[in-house]
*Asks:* 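Here it is, the structure in full.
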Number of protein chains: 2
Amino acid sequence: MLFALSDPERLAIARQLVDGPLDMAECHLSNPDVPKSTKSHLMKVLRTSGVVRNEANGRARRLSLRREDLDARFPGLLDAVLSAEDGNAKV
Amino acid sequence: MLFALSDPERLAIARQLVDGPLDMAECHLSNPDVPKSTKSHLMKVLRTSGVVRNEANGRARRLSLRREDLDARFPGLLDAVLSAEDGNAKV
DNA sequence: TCCATCGTTCGAATTATTTCGAACCTTTTG
DNA sequence: CAAAAGGTTCGAAATAATTCGAACGATGGA
């Protein structure tokens, strides 16, 4: 999990999900030109590390933070990570 | 910082320093047979990411957690990481 | 002084991550 | 039904991180 969030792009994704689920297309990367396979891979890392959920939603994909699971397993960690340095710093 | 702590060995080192500074030789790795250059490199990652301090102490090296600095920059993060899952889980 | 101790740094080899295009799948729209 | 939209997966190439031995530096003791 720490590894998944140690990448700025992945951390930024997690931050976008803090206010509720988003369809993949609504999740923005810092560089809007990365190919979809790359974006998909970023999601996969977040997914396999247990940070996000990724369920089919029509032809889209609904992404959501796995808050409960994470808070249960690592209390305080997610909050600390997501709030760290107001989102603009290397974490 | 998250990256530095996302490695189990480095996290274990950080945990050993939570109760106070230690000389490098007193810091134990899960595998006691790793060469010193490898151990030194692990420390370097922790050092350059700002997690630990490493000052000369005679011919030894005194390692210490940079608690204040880290708590100031990432409030709650260190505590959450260090206490997560009682130290035995992948974080 | 000379030598052993405790670590660091360097470079090369290994291993792991990231990145991207192409092929593919499913759902929606025309 | 065909084609477009939205994503996933696979494989290969490029990057980055880890690992280790060897060479080095400083300190402390004989």
Side-chain angles (χ1 to χ4, degrees), chain A residues 1-17 19-66 81 89-91, chain B residues 1-17 19-66 70 77 81 89-91:
Chain A
M1 171 193 175
L2 284 184
F3 176 74
L5 294 174
S6 70
D7 174 69
E9 206 70 70
R10 290 192 296 253
L11 180 57
I13 291 171
R15 286 211 167 95
Q16 294 178 53
L17 294 175
D19 300 320
L22 245 44
D23 276 353
M24 182 131 172
E26 304 170 330
C27 251
H28 302 304
L29 267 41
S30 67
N31 171 5
D33 298 330
V34 316
K36 51 187 184 171
S37 57
T38 300
K39 187 174 181 181
S40 187
H41 179 256
L42 289 172
M43 296 303 179
K44 186 179 198 169
V45 175
L46 286 169
R47 180 161 21 97
T48 60
S49 71
V51 175
V52 307
R53 207 175 289 119
N54 180 343
E55 24 196 1
N57 176 36
R59 63 182 153 183
R61 289 274 159 166
R62 169 129 321 215
L63 306 169
S64 51
L65 256 194
R66 304 187 55 170
V81 169
K90 58 175 159 70
V91 179
Chain B
M1 172 193 176
L2 284 185
F3 176 75
L5 294 174
S6 69
D7 173 69
E9 206 69 71
R10 289 192 298 252
L11 181 56
I13 292 172
R15 285 209 168 97
Q16 295 179 51
L17 294 176
D19 299 319
L22 245 44
D23 276 354
M24 182 131 174
E26 304 170 330
C27 251
H28 302 304
L29 267 41
S30 68
N31 171 4
D33 299 330
V34 315
K36 52 188 185 171
S37 57
T38 300
K39 187 173 180 182
S40 186
H41 180 256
L42 289 171
M43 295 303 178
K44 186 178 197 168
V45 175
L46 286 168
R47 182 162 18 100
T48 59
S49 71
V51 176
V52 307
R53 209 174 289 119
N54 180 342
E55 24 196 1
N57 175 35
R59 61 183 152 183
R61 289 273 159 168
R62 168 127 319 210
L63 306 169
S64 51
L65 257 193
R66 303 187 55 171
L70 291 171
L77 219 177
V81 169
K90 60 176 159 65
V91 179

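Letters A, B, ... mirror the listed sequences (proteins, then strands); counts begin at 1.
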*Asks:* Find the distance A/Lys39:NZ to C/dT18:C1' and express it as a whole number of Å.
*Replies:* 17 Å
*Asks:* Mapping A/Leu63 and B/Val34 onto DNA chain D by nearest heavy atom, which one lands closer to the 5' end?
*Replies:* A/Leu63
*Asks:* Whole angstrom is fine here: how far is it from CD in B/Glu55 over to P in C/dT8?
*Replies:* 13 Å
*Asks:* Is any side-chain heavy atom of B/Asn57 less than 4.5 Å from a side-chain heavy atom of B/Asp23?
*Replies:* yes
*Asks:* I need the CZ-P distance between A/Phe3 and D/dT18, as an integer number of Å.
*Replies:* 9 Å
*Asks:* Which listed nucleotide (C/dT9, D/dT18, C/dT8) is nearest to the side chain of B/Met24?
*Replies:* C/dT8
*Asks:* State which of C/dG21, D/dT18, D/dG7 makes the closest approach to the side chain of B/His41.
*Replies:* D/dT18
*Asks:* Hey, which of these two, A/Arg10 or A/Lys36, hits DNA chain C nearer its 5' end, going by closest nucleotide?
*Replies:* A/Arg10
*Asks:* Please tell me which of the listed nucleotides, D/dG7, D/dC20, C/dT8, lies nearest to the side chain of B/Arg61?
*Replies:* C/dT8
*Asks:* How many Å lie between CG on A/Asp23 and C1' on C/dT28, as a whole number?
*Replies:* 14 Å
*Asks:* Taking atom P of C/dT17 as reference, at what distance in whole Å does atom CG of B/Leu2 sit?
*Replies:* 16 Å
*Asks:* Kindly say whether A/Met24 contributes a backbone atom to a donor-acceptor pair with the side chain of A/Arg61 at under 3.5 angstrom?
*Replies:* no
*Asks:* Which heavy-atom pair separates A/Cys27 from A/Met43 by the least distance, and what is that distance?
*Replies:* CB-CE, 4.1 Å
*Asks:* Between D/dT18, D/dT9, D/dG21, spot the one nearest the side chain of B/Ser37, thanks.
*Replies:* D/dG21
*Asks:* Among D/dT8, D/dG21, C/dT8, find the nucleotide with the atom closest to the side chain of B/Ser40.
*Replies:* C/dT8
*Asks:* Rounded to the nearest Å, what distance is computed from the CE atom of residue A/Met43 to the C1' atom of nucleotide D/dG6?
*Replies:* 12 Å
*Asks:* At less than 4.0 Å, is any side-chain N or O atom of A/Asn57 found next to OP1 or OP2 of C/dT27? Yes or no.
*Replies:* no
*Asks:* Any non-hydrogen side-chain atom of B/Leu29 less than 4.5 Å from a side-chain atom of B/Leu42?
*Replies:* yes
*Asks:* Between A/Lys44 (NZ) and C/dT19 (P), how many Å, whole number?
*Replies:* 15 Å
*Asks:* Closest approach to the side chain of A/Thr38, judged atom by atom: which nucleotide of D/dT27, D/dT8, C/dC20 is it?
*Replies:* C/dC20
*Asks:* Select one nucleotide: of D/dT18, D/dG28, D/dA5, the one nearest the side-chain heavy atoms of B/Arg59.
*Replies:* D/dG28
*Asks:* Is there side-chain contact between A/Leu2 and B/Asp7, with at least one heavy-atom pair below 4.5 Å?
*Replies:* no
*Asks:* Taking CG from B/Asp7 and C1' from D/dT19, how many angstroms apart are they, rounded to a whole number?
*Replies:* 12 Å
